[in-house]
Amino acid sequence: MMTAENSPNNSQPHAAKDAPSAPLKGVEVIRHALKTMPLSPGVYRMLGEKGDVLYVGKALALKKRVTSYTHVNRLPERLRRMVSETASMEIVTTHTEAEALLLEANYIKRMKPRFNILLRDDKSYPWLMLTDAHPFPQIAKHRGKPVKGASLWGPFASAWAVNQTLNLLQRVFLLRSCADSVFNSRSRPCLLYQIKRCSGPCVDRIDQASYAKLVEQAREFLSGKDHALREEMSVEMHRAAEALDFERAATMRDRIRALAQMQESSVINPASLQNADVFGIWQEAGQACIQVFFIRGGRNNGNRSFFPAHTQDQEAGEILASFIAQFYDDKPCPAQVLVNHELPEEALLAEALTLRRERKVEILHPLRGEKKQVLDHAVANARDALHRKLAESAGQAKLLEGVARVLGLDAPPERIEVYDNSHIMGSHAYGVMIVGGPEGFDRRAYRKFLIKGPVTPGDDFGMMREVLERRFGRALKEAAEGDMSNWPDVLLIDGGAGQYSAVRGVLDDLGVTGVKLVGIAKGPDRDAGREWFHTGDAPPFQLEPRDPVLYYLQRLRDEAHRFAITTHRAGRSKTLVTSELDEIPGVGPARKKMLLNTFGSARAVKQAGLSELESAPGINRETARAVYGHFHPDWTPA
């Protein structure tokens, strides 16, 4: 049952009365719930026998909306199946229908009910960040939660889009991109200053007032006020030339050229749009693709393709409306949203987005002009992306049919899990799991396992046992609750008969059944193409060297190996980033960061006097004396 804190403006939760002793199901459950259901706005949830959420919906009047589910003959097939599986209902009332729409989108995105249209988007978006608190602000890429004392611009569709913009901003405005600790420790200009991508504030090559002017120009540009900026820079270039300051004039000329390149680098730069998101949808073969373009400050911040789930029998407008509500659940909405189809309850969606943004949001469906051209461009990209996906899916389907044939499965596998380990003589040991299926590699399902042990160094069998126990310990609990969505059809391991027997024993001990275990062992001289496959229910066998199924299984194994190696290297690198400051009692990550930001390096901290340490920001007297005493063992506190 949800609490009041989960709903907007402390909306009150309710639940239908407990069902009578005889278990009800389907329409009878809904009719029983209607006896106590209010007419107020809110969100309702249909639950299955195991308590899993089947469907989430919102309504202006809950009782009227839910009553429609009792007329089964009028429902589409998808909702008929949903009603037949319903074992209980829960509701949450809200003050307005707009609040209900926001809560519905939040529930759908978090609970992923299988009868709703689902947005597949688990990635954070990069932003441009300008630190405000520092005398010489830093321009940098940022992901995650907003940082206190910093301004953000975005979002950008990809890391490539934000990196391209960041590089051009450095060329135009010469702002520093280095971290504060690097800035504080510089004694001479870095390479970025030499190639004219930084003004060198770290070594006083520019005064604070002049740097502040560059920062203000960058802010104006990122806010879309670039026309006046271009004129200002042109006037300054001519003045420098007239004063025979040709070096200054050449610098301004290069900045103007970089500014022009930035304005021309985007695919679309609509003059009629300042801050907007453009949504173009294309449907074909029972699937849908939505292409989103991010327009900020009159510039294109990139685009991204989305393939929402459960859209087979849905209209384009309905898919777009559900998608947009979920899309803005965890990110800010711009002033305008462009769509290529009329949306059901469009005014309500605009009201909900306005409520979330706390400023007016318009949903537009342009039929002519520049905005229509931008929208057509998004639709064309959506069409091309869906065609590529359909072509890839057709090829992937044939490969999975081949896997089923080779391994003797009743049907093509929906989920193939591959496991591997990586370590150096048992140190920094990691196990990984990668997942393949009808849509290729499912990187959202990849998992890393830090080996906790105790495991004998180099004991690959022991590491694999720990990984499988942790993985299937959770999977078995989910299966007991009726959630089989993450249950694998095939489990692929890198190894021969010995590895196969060890893993088979682990699965048997855990009580795991219904999973096809396959060992893939390299052939003589470890030659790719001559691998032996071990399945336990047949003698080991090989595939023809040019068999596409062999290539596919090799790719799965190699992807697991790649992921294991990169995971191990990343974990090992973290342990290498240490200094003498880590050995000082009472100096944790926060104080270590303060010391490095103030003095620039651990060596500088070691050379600092006691009075300097005591005056460092964020360092109290006790910590300063502990640091000084660590580096000066003969020192005796007064």
Side-chain angles (χ1 to χ4, degrees), residues 8 41 43 56-60 94 96-109 116-119 121 125 154-155 157 224 268 270-283 288-308 311 314-383:
V43 173
V56 175
K58 59 88 187 153
L60 175 62
T94 59
T96 66
E97 190 179 10
E99 292 178 359
L101 178 59
L102 294 176
L103 184 59
E104 175 198 38
N106 178 269
Y107 280 176
I108 292 173
K109 194 167 184 180
N116 282 97
I117 298 169
L118 300 181
L119 163 63
D121 179 29
Y125 290 79
I268 51 173
S272 58
L273 289 176
Q274 279 296 306
N275 293 289
D277 286 339
V278 182
F279 295 82
I281 185 172
W282 184 267
Q283 288 180 288
C289 175
I290 298 176
Q291 189 80 196
V292 184
F293 278 84
F294 302 88
I295 310 297
R296 298 293 185 272
R299 289 173 301 280
N300 177 21
N301 280 0
N303 58 295
R304 180 177 289 186
S305 299
F306 298 88
F307 301 93
T311 61
Q314 304 298 306
E315 298 293 332
E318 185 180 354
I319 297 171
L320 265 179
S322 180
F323 177 90
I324 291 171
Q326 296 175 58
F327 185 78
Y328 292 117
D329 178 62
D330 58 355
K331 59 180 70 66
C333 181
Q336 293 182 327
V337 173
L338 274 63
V339 296
N340 66 318
H341 280 273
E342 297 287 351
L343 307 183
E345 301 182 312
E346 188 171 294
L348 176 63
L349 180 58
E351 180 186 351
L353 296 179
T354 298
L355 181 65
R356 181 173 294 281
R357 184 175 182 249
E358 299 182 346
R359 296 174 63 185
K360 185 178 180 181
V361 174
E362 293 182 295
I363 298 179
L364 306 176
H365 181 211
L367 300 177
R368 62 183 64 85
E370 186 180 47
K371 292 179 181 177
K372 179 64 164 56
Q373 294 175 2
V374 173
L375 198 53
D376 289 343
H377 185 72
V379 173
N381 276 265
R383 181 191 62 231

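This structure is a prediction, so every number in the text was calculated from the model and none was measured.
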Inset, instruction - Supply the atom-to-atom distance Ile295 CD1 to Asn301 CG, rounded to the nearest 0.5 angstrom. - result: 7.5 Å
Legend entry - Residues forming a side chain to side chain contact (heavy atoms under 4.5 Å, CB included) with Ala352, sequence neighbours excluded: Ala98, Leu101, Leu102
Inset, instruction - Give the intermediate values and the outcome of side chain to side chain contact (heavy atoms under 4.5 Å, CB included) for residues Val43 and Tyr107. - result: CA-CA 9 Å; Val43 173; Tyr107 280 176; 3.8 Å; yes
Inset, instruction - Kindly compute the distance separating CD1 (Ile281) from CD1 (Ile290), expressed to the nearest 0.5 Å. - result: 4.5 Å
Legend entry - Non-neighbouring partners of Pro155 that pass side chain to side chain contact (heavy atoms under 4.5 Å, CB included), sequence neighbours left out: Tyr125, Trp127, Phe294, Arg296
Inset, instruction - Can you see which heavy atom on Gly302 is nearest to which on Ala157, and at what distance? - result: C-CB, 3.4 Å
Inset, instruction - With sequence neighbours excluded, tell me which residues meet side chain to side chain donor-acceptor pair (under 3.5 Å) with Glu342. - result: His365
Legend entry - With Phe307 via ring pair (Phe, Tyr, Trp, His ring centres under 6.0 Å) - residues at least two apart: none
Legend entry - Modelled atom types, side-chain donor and acceptor of Ser322 and Gln326, under 3.5 Å: yes
Legend entry - For Arg383, all residues meeting salt bridge (charged side-chain N to carboxylate O under 4.0 Å, His left out), sequence neighbours excluded: none
Legend entry - Partner residues of Glu345 under the side chain to side chain donor-acceptor pair (under 3.5 Å) criterion, sequence neighbours left out: Lys58
Inset, instruction - Return the set of residues passing side chain to side chain donor-acceptor pair (under 3.5 Å) with Asn116 (not counting sequence neighbours), or none when no residue passes. - result: none
Inset, instruction - Give, for atom CZ of Phe327 and atom CG of Leu353, the distance between the pair rounded to the nearest 0.5 Å. - result: 11.0 Å
Inset, instruction - Quick one: list whatever passes salt bridge (charged side-chain N to carboxylate O under 4.0 Å, His left out) with Lys360, sequence neighbours left out. - result: none
Legend entry - By salt bridge (charged side-chain N to carboxylate O under 4.0 Å, His left out) - contacts of Glu346 (at least two apart): none
Inset, instruction - For Val379, check side chain to side chain contact (heavy atoms under 4.5 Å, CB included) against everything at least two apart and list the hits. - result: Trp282, Asn340
Inset, instruction - Give the minimum heavy-atom separation between Val339 and Pro366, together with the two atoms involved. - result: O-CD, 4.2 Å
Legend entry - Backbone of Ala325 reached by a side-chain donor or acceptor of Asp329 within 3.5 Å: no
Legend entry - Between NZ on residue Lys109 and CG on residue Leu118, distance to nearest 0.5 Å: 11.5 Å
Inset, instruction - Indicate yes or no for a side-chain donor-acceptor contact from Glu99 to the backbone of Leu355 under 3.5 Å, with no hydrogens or angles considered. - result: no
Inset, instruction - Mind listing the closest non-hydrogen atom pair of Tyr328 and Pro334 along with its distance? - result: OH-CD, 3.6 Å
Legend entry - Nearest atoms (heavy-atom pairs only) where Thr96 meets Thr94: O-OG1, 2.9 Å
Inset, instruction - Measure the spacing between CD of Gln291 and CG of Asn303 and express it to the nearest 0.5 Å. - result: 4.5 Å
Inset, instruction - Applying side chain to side chain donor-acceptor pair (under 3.5 Å), name anything that partners Gln336, two or more places apart in sequence or on another chain. - result: Glu362
Inset, instruction - Indicate the atoms forming the closest heavy-atom contact of Ala100 with Ala59, along with that distance. - result: CB-O, 4.4 Å
Legend entry - Rounded distance [0.5 Å steps], CD1 in Ile117 versus CD in Gln314: 4.0 Å
Inset, instruction - List in chain and number order the residues that pass side chain to side chain contact (heavy atoms under 4.5 Å, CB included) with Ala350, two or more places apart in sequence or in another chain; answer none if no residue qualifies. - result: Ile363
